[in-house]
Amino acid sequence: MSKPQTPANDKKAKTAANLDTVLTLATDTARAELGEAGNKGVTAAATLTVSATENDTTDETGVNASVSLGVTTSTKTVAGK
C-alpha cells in the first residue's frame, strides 16, 4: 500500500530527486577529470536551486553535493639480499 501524495511527501520526493541529480553530476564530473591519472585528486561540487511561484506563494528548495576522488600509485624497489 503506497502513501498518499501530500505536499510534504511531494516536496521530499522532489528534493530527493534533485539531490540524486547533483550527486550524479558531481560524481560523473570528478570521474571524468580524474581520467587515467596515476596520482591525482579531484573535488567536484554541484548545486541546484529551484524556485516555483504559484499565486502569491513562492516555494524554494536547494540541494548541493560535493565529491572528492583520488588515485595514488607508487613503485618501490626492494634491495637485493
Side-chain angles (χ1 to χ4, degrees):
M1 186 174 206
S2 65
K3 291 182 179 180
Q5 280 302 98
T6 64
N9 287 346
D10 190 42
K11 188 171 183 175
K12 285 181 183 180
K14 286 180 183 179
T15 299
N18 289 345
L19 183 56
D20 286 344
T21 298
V22 296
L23 183 57
T24 299
L25 177 61
T27 301
D28 290 351
T29 301
R31 282 183 180 156
E33 290 296 321
L34 190 61
E36 298 295 321
N39 290 291
K40 187 176 183 181
V42 175
T43 299
T47 301
L48 176 64
T49 302
V50 178
S51 176
T53 302
E54 184 176 351
N55 297 325
D56 293 332
T57 304
T58 298
D59 187 23
E60 293 181 321
T61 58
V63 294
N64 60 69
S66 178
V67 175
S68 294
L69 300 174
V71 174
T72 60
T73 61
S74 64
T75 302
K76 295 180 183 177
T77 303
V78 178
K81 293 184 177 184

Would T73 and N39 count as a side chain to side chain contact (heavy atoms under 4.5 Å, CB included) here? Give the steps.
CA-CA 6 Å; T73 61; N39 290 291; 3.3 Å; yes
Pair V50, N18 - check side chain to side chain contact (heavy atoms under 4.5 Å, CB included), show working.
CA-CA 9 Å; V50 178; N18 289 345; 3.8 Å; yes
Please assess V22 against T47 for the test side chain to side chain contact (heavy atoms under 4.5 Å, CB included), listing each intermediate value before the final yes or no.
CA-CA 6 Å; V22 296; T47 301; 6.0 Å; no
Report the C-alpha distance between T43 and S68 in whole Å, list the side-chain angles of each, state the deciding distance to 0.1 Å, and finish with yes or no for side-chain hydrogen bond (donor to acceptor under 3.5 Å, both in side chains).
CA-CA 4 Å; T43 299; S68 294; 3.0 Å; yes
Yes or no on side chain to side chain contact (heavy atoms under 4.5 Å, CB included) for T61 and K11, after CA distance, side-chain angles and deciding distance?
CA-CA 9 Å; T61 58; K11 188 171 183 175; 3.4 Å; yes
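Under the 3.5 Å distance criterion, the side-chain polar atoms of T58 are left unmatched by any main-chain donor or acceptor of E54. When atom types are taken as modelled, the side chain of D59 and the backbone of A52 share no donor-acceptor pair closer than 3.5 angstrom.
Listed by first and then second residue, the salt bridge (Lys or Arg N to Asp or Glu O under 4.0 Å) pairs that reach into residues 25-43 come to none, sequence neighbours excluded.
Residues that satisfy the salt bridge (Lys or Arg N to Asp or Glu O under 4.0 Å) test with K12, not counting sequence neighbours, are absent from this structure. T72 is linked by a side-chain hydrogen bond (donor to acceptor under 3.5 Å, both in side chains) to nothing, counting only residues two or more places apart in sequence or in another chain.
Follow the hydrophobic side-chain contacts under 4.5 Å out from L23 and you never reach V63; the two are in separate clusters. By the rule that hydrophobic residues join a cluster once side-chain heavy atoms approach within less than 4.5 Å of another member, L25 and L69 end up as members of separate clusters.
The minimum heavy-atom distance between A44 and A26, with the atom names listed, is CB-O, 3.4 Å.
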